[in-house]
Amino acid sequence: MGVKIVETSLRDGHQSLFATRMTTDEILLALSELDKAGYHAIEIWGGATFDACLRFLNEDPWERLRKVKKVCKNTKLQMLFRGQNILGYRHYADDVVEKFVEKAIKNGIDIIRIFDALNDIRNLKCAVDATKKYGGECQIALSYTTSPVHTVDYYVSLAKEVEKMGADSLCIKDMAGVLLPEDAYNLIKKIKENTKLPIELHSHCTGGLMEMTYLRAIQAGVDIIDTALSPLSGGTSQPCTESINYALKGTEYDPMLDEDMLNNAASKLSKVKEKYIANGLLNPKVLTCNPNILKYQVPGGMLSNLISQLTQQNALDKLDDVLKEVPNVRKDLGYPPLVTPLSQMVGTQAVLNVINGERYKMVPKEINDYLKGKYGRAPAEIDEEVRRKIIGDEKVITHRPADDIAPEFANLKKQYKNLIRNDEDVLSIALFGDVAIKFLETKKDEKVVDTIHLDA
Ligand code: CO
């Protein structure tokens with residue numbers, strides 16, 4: 001059995017390279033070839049794709065999913081799901097999490113990859129249980145990062161918990177692209193030795209070393225890898241599907257993808273890519289590797305956010321200071337992995353600390369909430385002095401944050417009954433508030449779309 005491949009161009013590919021702006025029509029262009037290429041799955045949906053549909057493209061993300069499902073008859077569809085944050089940026093009530101999972105599966109998703117920014121297992125449970133209840137394939141992803149507490153043993157013990165929770169597979173989610181080849185080998189080998197779970201590796205080429213890391217992961221026995229078709233690969237995206245397929249051809253790891261189908265799909269996506277180069281959304285900078293991210297351990301997306309925040313404040317000369325402050329803030333906060341929403345929170349705090357010339361003089365509400373335990377359990381001890389400086393004697397919760405959130409779905413459904421066409425619309429509003437409401441106002445007169453009912 002060769003290595004299995006998940007194609008990411010239609011989710012992470014355009015998310016990493018040009019702000020998730022591919023339209024549904026563009027996504028459909030190459031889909032029937034990709035469907036016939038022999039992939040394990042095609043990644044199609046996630047927080048940013050959903051958000052960009054509503055916010056920038058005036059498209060219904062649910063409709064996109066249904067259209068994709070109609071074309072994809074042979075290959076499983078995969079989505080990325082932020083645990084109790086679903087596809088949004090805060091914790092939602094359990095009823096919304098469960099309803100979202102149910103509707104995602106009914107509209108066409110086969111595999112749900114669920115992760116929590118802090119790897120707090122409690123924040124995964126509701127989504128995991130719902131995925132199993134509605135017959136989806138459940139993959140739990142562990143956010144990979146480096147810190148004194150994020151050792152191989154730490155990940156192995158999490159992997160054992162993930163197996164106990166009933167996940168069908170485990171993903172090492174290296175959102176920053178900082179997993180070094182030998183670390184990947186040791187990590188995957190140890191997890192394979194200690195669990196029976198199929199293991200998938202997800203990473204980014206940002207630091208310029210991911211083909212090497214993938215190869216060592218394969219040698220350690222990784223079962224599935226995430227790659228992107230050539231036009232949307234490399235740089236801040238994933239390694240190239242066709243090249244990996246060639247490299248492994250004829251070996252025991254041969255992914256056996258259909259080269260003609262890949263080439264046909266690639267030539268179609270090349271034309272799409274040209275459009276985004278021409279309109280400036282694809283900045284050639286993101287296509288070149290940036291070894292600095294290995295030094296600073298920040299994801300590519302976070303680095304470009306920091307640059308844009310500093311540019312707005314006319315303080316780009318402070319970039320080095322901010323990059324040095326990021327690890328300090330991480331340490332104070334108990335070493336959270338830098339993935340949404342923590343990457344934005346830590347980045348903003350580091351900028352504020354540097355710009356104000358005093359640490360934690362200004363603190364965003366999200367960091368306040370984090371220190372009160374409202375995002376879950378930090379991987380390591382939070383610096384008590386920093387916590388007290390910011391939240392004083394305010395209460396810190398140690399239970400699962402969503403335990404404090406009352407059911408939301410029925411109220412929203414009632415409140416927006418004149419605007420919504422179906423339960424999917426309620427979920428769009430639950431997650432994206434005003435952005436979804438504005439979008440739905442433009443769709444008010446359209447006919448009600450029911451969830452499609454799929455054959456077994
Ligand atoms: Co990614």
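In each ligand, atom 1 is the first atom listed, and ligand 1 is the first ligand listed. Given the structure is predicted, the values throughout are model-derived calculations rather than measurements.
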Derivation of the side-chain hydrogen bond (donor to acceptor under 3.5 Å, both in side chains) call for Gln84 and Asp94: CA-CA 8 Å; Gln84 206 71 27; Asp94 288 341; 2.7 Å; yes
Distance under 6.0 Å and angle within 45° of ring axis: Arg21 vs Phe56: yes
Metal environment of the Co ion (ligand 1), protein N/O/S under 2.8 Å: Asp12 OD2, His202 NE2, His204 NE2
Asn328 vs Glu325, side-chain hydrogen bond (donor to acceptor under 3.5 Å, both in side chains): CA-CA, chis, key distance, verdict: CA-CA 5 Å; Asn328 299 332; Glu325 176 65 359; 3.2 Å; yes
Tyr276 and Glu26 side chains, donor-acceptor separation under 3.5 Å: yes
Plane angle bin for Tyr375 and Tyr370 - parallel if under 30°, tilted between 30 and 60°, otherwise perpendicular: tilted
Under 3.5 Å: donor-acceptor pair, side chain of Asp110, backbone of Leu77: yes
